[in-house]
Amino acid sequence: MQSITIRRPDDWHLHLRDGAMLEGVIADTSRTFARAIIMPNLVPPVVTSADAKAYRERILKALPDGHRFQPLMTLYLTEHTSPDDVEEGKNSGLITAVKLYPAGATTNSHGGVRDMEKAMPVLERMAKIGLPLCVHGEVTTPEVDIFDREAVFIDTVLDPLRQRLPELKVTMEHVTTSDGVDYIKAAKGNLAGSITTHHLIINRNAILVGGIRPHYYCLPVAKRENHRLALRAAAVSGDPRFFLGTDSAPHVDPLKECACGCAGIYTSVNTMSCLAHVFEQESALERLEAFVSLNGPAWYGLQPNEERITLSRQAEPVVFPARIETGAGPVTVFDPMFPLHWQVVQQA
Ligand SMILES: NC(=O)N[C@@H](CC(=O)O)C(=O)O
Ligand SMILES: [Zn+2]
Ligand SMILES: [Zn+2]
């Protein structure tokens, strides 16, 4: 296949940041994607509907002329989140989901939830009104090995929560293990998972072999090869419970390339090229559209986009910039470590 036309995709997990970084990165998403679920882990985080409304306006203001893009806003769940505020946010159409960060699990998550009990009133309200909970599924207990944190989260936090509130709709975000894939597949309903571009491409060797490579460090950290293969199988399967959430997470290079580098990989620039490559390798190009354009909207109760984009296979490798310059500083672009031949040639 040399060319493929699909519905315009959406990104169900994206970090746009704020200020100069927002202005520097937004076009890399809005050029290709129609909608994205916007992560609320700003400093300070987006905790109330009023915060989300103001942030949404800043995003729309940063959008280049002529780009049509809809930010789908989320609230950062805290132990003090008001159930009424969440319900009003949903009813007004502003809020698409609420995000659970276990305290300390990832970038800017120190204000996250320590005691799930304290979040129960909000979670109960969400179950009642049908508002999805997006979870960063890792425990933060220091005794648990970082490579096991997702699996332990499933057993000790996610499964008990779902047993207690079976009506709550949960998106397990950036699934990185076969344990996550198996748990989603075994669920009786009300559970889906997003998968990033980079976790389909790298395993943990990318971070550690031949030197420490901070631009492949993200959270949840990439796992062993068998996990990457399980993620690929899930993504290309067409199973409606799996869809794209790039987790494209820009940090300026000085904050990645230092003694304690930030977690996050910036993939917005070349995500569709990377994904077309992966799906082609798996002989599943005809299921790319399900993963990037159909399964996500179906899960979130939205219509798929009507516009189409076309990707075509170029004879020569497509050259992407190694880094982008933003007003906040340079941001390195994800390097898949193989030549990319697929290119988005026509956007909506
Ligand atoms: N994925 C990451 O490695 N980092 C994200 C946070 C997150 O999604 O966990 C970020 O905000 O930088
Ligand atoms: Zn996360
Ligand atoms: Zn993220």
Side-chain angles (χ1 to χ4, degrees), residues 10-19 21-22 24-26 28-29 33 36-46 55 71-77 96-113 132-140 146-147 149-150 153-154 157-158 170-177 180 193-202 204 206-207 213-223 231 243-258 260-268 271 296 326 328-329 331-334:
D10 303 303
D11 184 350
W12 301 96
H13 179 139
L14 176 67
H15 299 270
L16 283 178
R17 316 301 190 200
D18 213 341
M21 182 65 96
L22 165 64
V25 300
I26 188 166
D28 286 338
T29 292
F33 292 85
I37 285 204
I38 310 300
M39 287 298 123
N41 62 333
L42 304 181
V43 188
V46 178
Y55 184 32
L72 303 173
M73 306 311 291
T74 58
L75 293 182
Y76 182 113
L77 183 64
T96 300
V98 172
K99 174 79 188 228
L100 166 67
Y101 290 101
T106 187
T107 311
N108 304 334
S109 63
H110 37 271
V113 176
L133 178 72
C134 292
V135 298
H136 178 110
E138 288 192 290
V139 292
T140 53
I146 189 159
F147 292 99
R149 288 180 171 195
E150 184 170 294
F153 180 87
I154 293 169
V157 183
L158 186 55
V170 179
T171 311
M172 227 190 126
E173 300 202 281
H174 45 43
V175 179
T176 60
T177 58
S194 67
I195 302 178
T196 76
T197 308
H198 48 279
H199 287 111
L200 295 173
I201 294 175
I202 59 165
R204 64 194 201 175
I207 314 163
R213 298 180 192 273
H215 296 293
Y216 293 112
Y217 173 62
C218 66
L219 288 169
V221 70
K223 308 293 191 299
L231 296 171
F243 45 80
L244 175 66
T246 64
D247 194 16
S248 184
H251 293 276
V252 292
D253 286 350
L255 293 181
K256 297 272 307 166
E257 299 166 2
C258 57
C260 183
C262 294
I265 300 181
Y266 187 61
T267 56
S268 294
T271 272
T326 75
V331 175
T332 290
V333 171
F334 175 62

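Basis for what follows: all heavy atoms, side chains included, without hydrogens, waters or symmetry-related copies. Just follow the structure's listing: the first ligand is 1, and inside any ligand the first atom is 1. Heads up: numbering here begins at 1 and tracks the sequence.
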I'd like to check which ligand 1 atoms, numbered from 1 as shown, lie under 4.0 Å from a non-hydrogen atom of [X].
{"X": "T107", "value": "4 (N), 5 (C), 10 (C), 11 (O), 12 (O)"}
{"X": "C218", "value": "3 (O)"}
{"X": "T106", "value": "4 (N), 6 (C), 7 (C), 9 (O)"}
{"X": "H174", "value": "8 (O), 9 (O)"}
{"X": "G264", "value": "2 (C), 3 (O), 4 (N)"}
{"X": "H13", "value": "8 (O)"}

Has the side chain of S194 got a donor or acceptor atom that lies under 3.5 Å from a matching backbone atom of F243?
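A pair under 3.5 Å: no.
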Any side-chain to backbone donor/acceptor pair from H199 onto P220? Under 3.5 Å, distance only.
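A pair under 3.5 Å: yes.
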Just need the protein heavy atom nearest to [atom], so name the residue and atom and give the distance.
{"atom": "atom 1 (N) of ligand 1", "result": "D247 OD2, 2.7 Å"}
{"atom": "atom 3 (O) of ligand 1", "result": "L219 N, 2.7 Å"}
{"atom": "atom 4 (N) of ligand 1", "result": "A263 O, 3.1 Å"}

Below the 3.5 angstrom mark, is there an N/O of [X], backbone or side chain, next to an N/O of ligand 1?
{"X": "I265", "result": "no"}
{"X": "A249", "result": "no"}
{"X": "K99", "result": "no"}

Only one of H251, R213, H215 passes side-chain hydrogen bond (donor to acceptor under 3.5 Å, both in side chains) with E257; say which it is.
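Testing each of H251, R213, H215 against E257, the sole residue satisfying side-chain hydrogen bond (donor to acceptor under 3.5 Å, both in side chains) is H215.
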Indicate, as side chain, backbone, both or neither, the part of R17 found under 4.0 angstrom from ligand 1 when only non-hydrogen atoms are considered.
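It is the side chain that gets close, since no backbone atom is under 4.0 Å.
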At under 4.0 Å between heavy atoms, which part of N108 makes contact with ligand 1: side chain, backbone, both or neither?
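Neither; nothing of N108 gets under 4.0 Å from ligand 1.
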Any non-hydrogen side-chain atom of T246 less than 4.5 Å from a side-chain atom of L14?
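Yes; the side chains approach each other to less than 4.5 Å.
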I want to check something: taking the side chain as every heavy atom from C-beta on, are R17 and N41 in contact at a cut-off of under 4.5 Å?
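Of all side-chain heavy-atom pairs linking N41 with R17, at least one is under 4.5 Å.
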Measuring from the Zn ion (ligand 3), count protein N/O/S atoms under 2.8 Å, please.
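Protein N, O or S neighbours of the Zn ion (ligand 3) under 2.8 Å, waters not counted, come to 3.
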Roughly how far, to the nearest 0.5 Å, is OH of Y76 from CG of L100?
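The distance works out to 9.5 Å.
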H13 NE2 to M39 CE distance, which is reported to the nearest 0.5 Å
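Result: 4.5 Å between the selected atoms.
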Without hydrogens or angle criteria, can the side chains of Y266 and D28 be said to hold a donor-acceptor pair below 3.5 Å?
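There is such a pair (donor and acceptor under 3.5 Å, judged by atom type) between the side chains of Y266 and D28.
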How about T177 and K223: does a side-chain donor come under 3.5 Å of a side-chain acceptor?
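Judged by distance alone, the side chains do not pair up.
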How close do V135 and L133 get, heavy atom to heavy atom, and via which atoms?
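Closest approach of V135 to L133: CG1-CD2, 3.6 Å.
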Indicate the atoms forming the closest heavy-atom contact of E150 with E138, along with that distance.
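Minimum heavy-atom separation between E150 and E138: N-CG, 4.3 Å.
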Given H15, H251, M39, which has its nearest heavy atom closest to atom 5 (C) of ligand 1?
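When every heavy atom of H15, H251, M39 is considered, H15 comes closest to atom 5 (C) of ligand 1.
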Knowing that exactly one of V221, L219, T176, V139 qualifies, which makes a side-chain contact (heavy atoms from CB on, under 4.5 Å) with R149?
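Output: one option passes, namely V139.
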Check salt bridge (charged side-chain N to carboxylate O under 4.0 Å, His left out) between D247 and all other residues, then give those that pass, not counting sequence neighbours.
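So D247 forms no salt bridge (charged side-chain N to carboxylate O under 4.0 Å, His left out) with any residue.
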